[in-house]
Student: 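Just dropping this structure here.
Each chain gets a letter, A, B and so on, in the order the sequences are listed, and its residues count up from 1. Keep in mind that what you see is a predicted model, and the values were worked out from it rather than measured.
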Protein chains: 2
Amino acid sequence: MLQANADIDNSQALTERQQAVLDAVLRLLVEEGDNLTMTAVARRASCSKETLYKWFGDRDGLLTATVQWQASKVRVAAVDGRGLDLASLTASLERFASDWLKVISSDTSIALNRVAVSHAGSGKDNLGAVVLENGRFALAKRLKPVLEAGKKAGLLDFADAETAFRSFFGLVGRDVQIRLLLGDRLELTEAAIGGDAARATQQFLALFGAKTGPQGH
Amino acid sequence: MLQANADIDNSQALTERQQAVLDAVLRLLVEEGDNLTMTAVARRASCSKETLYKWFGDRDGLLTATVQWQASKVRVAAVDGRGLDLASLTASLERFASDWLKVISSDTSIALNRVAVSHAGSGKDNLGAVVLENGRFALAKRLKPVLEAGKKAGLLDFADAETAFRSFFGLVGRDVQIRLLLGDRLELTEAAIGGDAARATQQFLALFGAKTGPQGH
DNA sequence: TGCGAACCGTAACGTACGGTACGGCTTGCC
DNA sequence: GGCAAGCCGTACCGTACGTTACGGTTCGCA
């Protein structure tokens with residue numbers, strides 16, 4: 001499911017101490033939202049403000065470093081495109097959906113998306129681009145090969161992988177993300193996520209599965 | 001498509017002047033995002049800060065009043081459930097999808113959702129609830145009767161209207177809203193919206209259309 | 001014409017917070 | 001041991017902004 005990655009070096013040479021600081025920022029971001037102060041970060045991380053500014057430049061630098069640090073930690077599992085039969089393709093899609101739902105419903109993801117949305121409205125949309133790149137676009141980059149493999153294997157039928165992915169994205173996410181971002185309670189249990197992933201996968205297959213003779217519903 | 005509503009009195013007795021002030025807030029919100037100042041509002045609306053505070057209490061009151069004012073202005077058209085045949089049902093769904101896409105891709109909607117998301121992270125989630133109530137939930141409340149009518153007429157087949165609606169929501173919105181909120185450029189032309197609405201509707205019908213004999217693809 | 005209410009423009013106040021400076025402490029190295 | 005570098009804690013500065021206060025003006029009304 002979720003794994004720390006070592007392949008993509010998105011966190012450029014962070015010391016253990018710096019990582020601890022960024023983890024403190026994450027925790028603080030979950031608790032207090034975007035209105036965290038540098039003094040609060042310093043107090044929580046047991047470091048001085050001078051050190052914060054020396055390491056991360058300014059407040060925005062600290063925030064972007066935090067977003068990148070979190071992005072380097074959480075990553076949806078890659079699935080090899082060797083899923084030739086329908087069963088393994090279905091399993092891969094379900095796992096993608098489940099991982100994705102688990103990520104976007106996590107406290108840290110919600111907090112990070114919130115601060116990124118806030119900053120997107122305030123001029124410099126640095127954070128928004130980073131979140132988008134490590135979220136929606138990273139997912140597409142990982143899922144498309146699977147879709148293409150499914151198409152090659154005659155299991156899927158679509159003209160454009162991008163549009164197929166976007167439909168899958170919509171079927172999985174539906175209104176979950178916007179509701180969570182807007183503060184709607186809606187705790188997703190493990191079981192509910194599994195059910196949603198299976199449902200979304202079945203719907204996607206119903207729309208984009210290759211029609212090889214009549215298959216009962 | 002879009003209409004001002006007079007039935008639901010969501011705007012509790014606002015004078016013309018107050019509405020003009022809130023319109024100024026909307027414009028300012030689109031231009032500058034959440035970091036608008038009370039002095040900027042006063043200057044733009046050509047009113048004094050004292051008046052702002054007398055009318056709306058404080059900054060949050062002004063913002064909530066603005067959200068409610070906008071919500072009372074823009075509303076997705078209601079469609080009567082008298083759509084008995086497949087053609088009119090399809091047309092209704094397409095119109096809903098088109099209107100919805102038009103709304104969420106508008107500058108004011110993006111700005112309002114951004115500020116609501118920001119405030120949802122900062123304790124009082126007043127704005128988030130209001131936006132959700134007038135956005136996603138209002139849409140559900142209007143669309144569900146149509147879906148139920150379609151089911152009654154034997155055109156649709158689903159167990160729960162809520163889940164059917166959520167699938168429709170996902171198929172229509174896909175990744176559009178989160179991308180726009182995060183600052184991703186992606187201007188939706190009138191034609192693109194129409195195409196997306198038609199595609200989403202066809203996909204929804206493919207998933208939830210009643211299977212009355214073999215209908216080609 | 002006189003009066004009071006509402007409102008405009010602006011000045012002023014208090015506070016919160018981003019950013020900087022400085023004294024003291026630990027740590028590794030010569 | 002002595003020294004330099006890095007860091008902690010804290011005090012400090014400047015500013016931006018929410019909020020309040022006040023004098024001057026317009027407008028409806030008797």
Student: Atom CG of A:D34 and atom P of C:dC17: how far apart are they, to the nearest Å?
Tutor: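 One finds 12 Å between P of C:dC17 and CG of A:D34, rounded.
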Student: Roughly how many Å is it from CG in A:D58 to C1' in C:dT20, rounded to a whole number?
Tutor: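 Rounded to the whole Å, the gap is 14 Å.
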Student: Between D:dT19 atom C1' and B:F56 atom CZ, what is the distance in whole Å?
Tutor: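 About 16 Å, once rounded to whole Å.
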Student: For B:L36 and D:dA16, what is the distance between atoms CG and P respectively, to the nearest whole Å?
Tutor: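 Nearest whole value for this atom pair: 17 Å.
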Student: Which part of the nucleic acid does B:T39 contact within heavy-atom distance under 4.0 Å: base, sugar-phosphate only, or nothing?
Tutor: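 Here B:T39 touches no strand at all.
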Student: Taking the side chain as C-beta and beyond, is there a heavy-atom pair between A:K144 and A:E162 under 4.5 Å?
Tutor: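 Of all side-chain heavy-atom pairs linking A:E162 with A:K144, at least one is under 4.5 Å.
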Student: For A:L52 and D:dG9, give me the distance from atom CG to atom P, rounded to whole Å.
Tutor: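 Taking atom P of D:dG9 as the reference, CG of A:L52 is at 11 Å.
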Student: May I have the distance from B:R43 (atom CZ) to D:dG18 (atom P), rounded to whole angstrom?
Tutor: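 Distance check: B:R43 CZ to D:dG18 P gives 12 Å.
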Student: Taking the nucleotide of DNA chain D with the closest heavy atom to each, which residue, B:D60 or B:E50, is nearer the 5' end?
Tutor: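 Nearest nucleotide further toward 5': that of B:D60.
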Student: Using the side-chain heavy atoms of B:M38, tell me which of these nucleotides is nearest: D:dG18, C:dC7, D:dC7.
Tutor: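 So the nucleotide nearest the side chain must be D:dG18.
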Student: Check whether any side-chain heavy atom of B:F137 sits under 4.5 Å from a side-chain heavy atom of A:D184, and report yes or no.
Tutor: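 Result yes, sub-4.5 Å side-chain heavy-atom pair found.
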Student: From the set D:dG18, D:dC22, D:dC8, return the single nucleotide nearest to any side-chain atom of B:R59.
Tutor: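 The listed nucleotide nearest to B:R59's side chain is D:dG18.
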Student: Output the rounded distance in Å from OH (A:Y53) to P (C:dC22).
Tutor: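 It works out to 17 Å between those atoms.
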Student: Nearest to the side chain of B:S48, heavy atoms from C-beta on, is which of C:dG9, D:dC7, C:dC17?
Tutor: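 Of all the options, the side chain of B:S48 is nearest to C:dG9.
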Student: Could you check whether the rings of B:F169 and B:W100 sit parallel, tilted or perpendicular, using 30° and 60° as the cut-offs?
Tutor: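 Correct class here is tilted.
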Student: Picking from C:dC22, C:dT20, D:dT20, which would you name as closest to the side chain of B:K49?
Tutor: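 Of C:dC22, C:dT20, D:dT20, D:dT20 is nearest to the side chain of B:K49.
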Student: Between A:L62 (CG) and C:dG19 (C1'), how many Å, whole number?
Tutor: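 After rounding, the gap between these two atoms is 13 Å.
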Student: Quick check for you: among C:dC8, D:dC7, C:dG18, whose closest atom lies nearest to any side-chain atom of A:W55?
Tutor: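 My answer, after comparing the listed nucleotides, is D:dC7.
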Student: Select one nucleotide: of D:dC17, C:dG18, D:dC8, the one nearest the side-chain heavy atoms of A:T51.
Tutor: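 My answer, after comparing the listed nucleotides, is D:dC8.
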Student: Please state whether the phosphate of D:dC27, meaning OP1 or OP2, lies under 4.0 angstrom from any side-chain nitrogen or oxygen of B:R17.
Tutor: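 For D:dC27, OP1/OP2 do not have a side-chain N/O of B:R17 under 4.0 Å.
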Student: Is it the case that the side chains of A:S109 and A:N113 hold a donor-acceptor pair, with the cut-off being a distance below 3.5 Å and no angle test?
Tutor: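 Yes, side-chain donor-acceptor contact under 3.5 Å.
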Student: Applying the side chain to side chain donor-acceptor pair (under 3.5 Å) test to B:D23, which of B:R44, B:K73, B:Q70 qualifies?
Tutor: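 Exactly one pass, corresponding to B:K73.
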